[in-house]
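Input: a single structure, listed below in structure tokens.
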Amino acid sequence: GELYSALKERKIPCICQDFPDSLHARRDRWVPFLRSLAEGLPGDEASNIILVGHSSGAQAALRYAELYPLHGCVLVSATYSDLGDKHERASGYYPQKIKGSDGKEENQYLFDKMKENCKLWHQFHSDND
């Protein structure tokens, strides 16, 4: 896309690849895929990456940051819930209410781990996205 082209033009190393499971964007496939790309970098570069994620990619970046150190994270049109959509719920990114538990949730975001693993955060959104 445009960002990839602009970065390459400035000779900034970047990776832009098709993800597995692109229709369902499942967490259990995307986060390990991101990690495999990071582990393929030379030396200690795996912790010097900046992830840029749009929509489900933003969710994958958030969940990656719970587990692994990275330099920065750019979230574009990130959501915080599955918006009541069963397809989004099945992706495994979003917290879910535990039935019969007075509103308790499982699969919580680990914001403290995210902040510990990544110090640079940017988020972009629009009012019609």
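Nothing here was measured: the structure is a model prediction, and the numbers come from that model.
- Remark: Arg89 CZ to His87 NE2 distance equals 12.0 Å, nearest 0.5 Å.
- Phe124 and Leu7 fall within a single hydrophobic cluster, where Ile, Leu, Val, Met, Phe, Trp and Tyr side chains are chained together by heavy-atom contacts under 4.5 Å.
- Of the inter-residue distances, the one linking Arg27 atom CZ with Asn107 atom CG reads 4.5 Å to the nearest 0.5 angstrom.
- Closest of all the heavy-atom pairs between Tyr4 and Cys16 is CD1-CB, 3.4 Å.
- From Trp30, atom CH2 reaches atom OG of Ser22 across 7.0 Å, with rounding to the nearest 0.5 Å.
- Residue Lys119 places its NZ atom among more than 12 non-hydrogen atoms of other residues, nucleotides or ligands, all under 6.0 Å distant.
- Counting non-hydrogen atoms of other residues, nucleotides and ligands closer than 6.0 Å to NZ of Lys115 gives a total of 12 or fewer.
- With respect to His71, the side-chain contact (heavy atoms from CB on, under 4.5 Å) criterion is satisfied by exactly one of Ile49, Leu51, Leu120: Leu120.
- Closest non-hydrogen pair, Ala58 versus Leu75, comes out as O-CD2, 3.6 Å.
- A single hydrophobic cluster is not seen to contain both Leu62 and Tyr80; linkage of ILVMFWY side chains at heavy-atom distances under 4.5 Å, directly or through other members, places them apart.
- With rounding to the nearest 0.5 angstrom, the NZ atom of Lys97 is 11.0 Å from the CG atom of Asp102.
- Val76 and Leu3 fall within a single hydrophobic cluster, where Ile, Leu, Val, Met, Phe, Trp and Tyr are joined by side-chain heavy atoms under 4.5 Å apart, directly or via other members.
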Q: Apply side-chain hydrogen bond (donor to acceptor under 3.5 Å, both in side chains) to Tyr94 and Thr79, showing your working.
A: CA-CA 9 Å; Tyr94 304 100; Thr79 59; 2.9 Å; yes
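- The distance from atom OG of Ser36 to atom CZ of Phe33, rounded to the nearest 0.5 Å, is 5.5 Å.
- Under a 3.5 Å cut-off, the side chain of Ser81 and the backbone N or O of Leu83 do form a donor-acceptor pair.
- For the pair Ala65 and Trp121, the tightest heavy-atom approach, listed with the atom from each and the gap, is CB-CH2, 3.8 Å.
- Residues Ser47 and Tyr68 are not in side-chain contact: their nearest non-hydrogen atoms beyond the backbone lie 4.5 Å or more apart.
- Under the 4.5 Å side-chain heavy-atom criterion for grouping Ile, Leu, Val, Met, Phe, Trp and Tyr, Val52 is not connected to Leu37 through any hydrophobic cluster.
- Between Lys8 and Cys14, the closest heavy-atom pair is CD-SG, 3.6 Å.
- By the criterion of side-chain heavy atoms lying less than 4.5 angstrom apart, applied directly or through intervening Ile, Leu, Val, Met, Phe, Trp or Tyr residues, Phe111 is not grouped with Val74; the two fall into different hydrophobic clusters.
- A salt bridge is defined here as a Lys NZ or Arg NE, NH1 or NH2 lying under 4.0 Å from an Asp or Glu carboxylate O, and Glu66 with Lys113 fails to meet this definition.
- Here CG of Asn48 is found 9.5 Å from CG of Leu70. Values are rounded to the nearest 0.5 Å.
- Judged by distance alone, with hydrogens and angles left aside, the side-chain atoms of Asp82 form no donor-acceptor pair with the main-chain N or O of Glu88 at under 3.5 Å.
- Cation-pi geometry between Arg63 and Tyr109 is met: under 6.0 angstrom from the ring centre, within 45 degrees of the axis.
- Ala38 approaches Tyr64 most closely through the heavy-atom pair CB-OH, 3.4 Å.
- Using a distance-only test at 3.5 Å, with no hydrogens or angles considered, no donor-acceptor pair links the side chain of Arg29 to the main chain of Ala25.
- The two atoms that bring Ser91 and His24 nearest to each other are CB-O, 3.9 Å, heavy atoms only.
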